[in-house]
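What follows is one structure encoded as structure tokens, with my remarks underneath.
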Amino acid sequence: MDKSIPVVSKIFCSGTPTMLMIRRRPIVVNGGGFVVTDLSHNIVFVVDGCGILGSKGELMVKDGEGEPILFISKKGGIVQALSTRNKWNGYSIDYQGKNKLVFSLTDPKSCTAQGAPIRIHIEPKRNCKNWDFEIGGSFADRDCTIVDCTRKIVAQMGMKELIGGKDFYHVEVQSGYDQAFIIGVMAILDSIHGESTRC
């Protein structure tokens, strides 16, 4: 029985737990971003930190061939400026270049809710009432966990000791979960913390 839980696409779900290695790029390259490889050093995903047109608050996740698969934008405007939360929307990109909203991430602005959980909502709505995934721990310390609404661990982030410090870390994605979605979430966390994906 297929137990995959696709968000971006079923093709990014694996039947076994998968370790993904993330290496940050210098800010001068496409606004920075990072490269994601598997344990055999094959490039699986690339994240560009300035979206399509070099815009602030936009991120692009590409597959290992360089094809865009996920476009992420920070919701802006006057309402956003007055809000105590930042909202990011992730859109899957199909082969015709059409965008479809697949998830949104609500981040409490750091000045008002230090340590508050970050919640993720999947589109279309799933079985969970208030949120589908939650991020806990510290991204800045490379020690955070993503759980689903039943508190089952979906992905866990850690640092590779003695190799490049915070520029090189890993994420273990559990079997059946969408790796492209998890990398999209990592890209947003990177931008929220003002790291390599900032323009």
Side-chain angles (χ1 to χ4, degrees), residues 4-52 57-74 88-94 102-103 105 118 120 122 133 135 137-147 153-199:
S4 62
I5 301 168
V7 176
V8 178
S9 172
K10 200 173 186 172
I11 63 171
F12 301 116
C13 300
S14 171
T16 57
T18 303
M19 187 70 76
L20 298 173
M21 311 306 294
I22 298 176
R23 183 182 298 278
R24 291 168 52 183
R25 294 185 306 202
I27 293 272
V28 293
V29 183
N30 292 331
F34 49 81
V35 176
V36 183
T37 61
D38 60 19
L39 291 177
S40 301
H41 306 291
N42 300 308
I43 295 175
V44 186
F45 301 105
V46 175
V47 174
D48 290 337
C50 292
I52 303 167
E58 291 186 353
L59 307 167
M60 182 69 73
V61 180
K62 300 175 181 174
D63 66 15
E65 306 294 316
E67 291 297 317
I69 53 173
L70 187 61
F71 172 68
I72 301 167
S73 67
K74 185 177 177 183
W88 294 79
N89 289 328
Y91 301 88
S92 65
I93 304 170
D94 67 15
V102 291
F103 75 90
L105 182 151
I118 296 175
I120 305 168
I122 302 300
F133 297 97
I135 305 163
S138 169
F139 177 84
D141 294 332
R142 304 295 184 255
D143 181 22
C144 66
T145 303
I146 301 173
V147 298
I153 293 176
V154 171
Q156 208 153 13
M157 176 185 181
M159 205 151 57
K160 295 312 275 182
E161 293 77 14
L162 307 174
I163 310 177
K166 292 184 179 180
D167 288 342
F168 191 62
Y169 56 97
H170 68 267
V171 177
E172 184 174 13
V173 182
Q174 295 305 312
S175 62
Y177 289 96
D178 192 318
Q179 296 167 25
F181 161 64
I182 298 299
I183 294 304
V185 170
M186 292 294 124
I188 295 170
L189 293 175
D190 184 282
S191 188
I192 287 170
H193 285 83
E195 297 191 8
S196 66
T197 55
R198 276 282 175 97
C199 287

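These numbers come from a predicted model, not from an experiment.
- Leu70 and Gly184 get closest at one heavy-atom pair: CD2-CA, 3.9 Å.
- Scanning both residues, Gly176 and Cys13, for their nearest heavy atoms gives O-SG, 3.6 Å.
- Rounding to the nearest 0.5 Å gives a distance of 11.5 Å between CD1 of Ile182 and CD of Glu172.
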Is there a side-chain contact (heavy atoms from CB on, under 4.5 Å) between Ile118 and Leu189? Walk through the geometry before answering. CA-CA 10 Å; Ile118 296 175; Leu189 293 175; 3.7 Å; yes
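- A cation-pi arrangement is absent between Arg24 and Phe34 under the rule of less than 6.0 angstrom and at most 45 degrees off the ring axis.
- With rounding to the nearest 0.5 angstrom, the CG atom of Asp63 is 12.5 Å from the CD atom of Gln179.
- Ring geometry for Phe133 against Phe181 counts as tilted: the plane angle lies between 30° and 60°, on a 0 to 90° scale.
- Summarising the geometry, atom NE2 belonging to His41 is positioned 8.5 Å from atom CE belonging to Met21; distances are rounded to the nearest 0.5 Å.
- The main-chain N or O of Val7 is found under 3.5 Å from a side-chain atom of Asp178 such that the two form a donor-acceptor pair.
- What you find for Val44 and Thr37 is that their closest heavy atoms are CG2-C, 3.9 Å.
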Dump the intermediate steps for side-chain contact (heavy atoms from CB on, under 4.5 Å) on Ser9 and Ile69, then the final yes or no. CA-CA 9 Å; Ser9 172; Ile69 53 173; over 6 Å; no
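- Across Tyr91 and Ser73, no two heavy atoms sit closer than the pair CE1-OG, 3.9 Å.
- Here the closest heavy-atom approach between residue Ser191 and residue Trp88 is recorded as OG-CH2, 3.5 Å.
- Nearest approach of Ile72 to Gly90, heavy atoms of both residues: CG1-CA, 4.1 Å.
- For the atom pair NE2 of His170 and CG of Leu39, the computed distance is 9.5 Å after rounding to the nearest 0.5 Å.
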Applying side-chain contact (heavy atoms from CB on, under 4.5 Å), run through Ile135 and Leu105 and close with a yes or a no. CA-CA 10 Å; Ile135 305 163; Leu105 182 151; 4.0 Å; yes
Please report the C-alpha distance between Val185 and Met157 in whole Å, then the side-chain angles of each, then the deciding distance to 0.1 Å, and finally whether the side-chain contact (heavy atoms from CB on, under 4.5 Å) criterion is met. CA-CA 12 Å; Val185 170; Met157 176 185 181; over 6 Å; no
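- Judged as a ring-ring contact (aromatic ring centres under 6.0 Å, His included), and not counting sequence neighbours, the contacts of Phe12 are Phe45.
- A donor-acceptor contact shorter than 3.5 Å links the side chain of Thr18 to the backbone of Thr16.
- By the side-chain hydrogen bond (donor to acceptor under 3.5 Å, both in side chains) test, Asp38 is found to be paired with Asn42, residues two or more places apart in sequence or in another chain being considered.
- For Ser175, there are no side-chain hydrogen bond (donor to acceptor under 3.5 Å, both in side chains) partners two or more places apart in sequence or in a different chain.
- With rounding to the nearest 0.5 angstrom, the CD1 atom of Ile22 is 8.5 Å from the CZ atom of Arg142.
- Here the straight-line distance linking atom CD1 of Ile93 with atom CD of Glu67 works out to 10.0 Å at 0.5 Å rounding.
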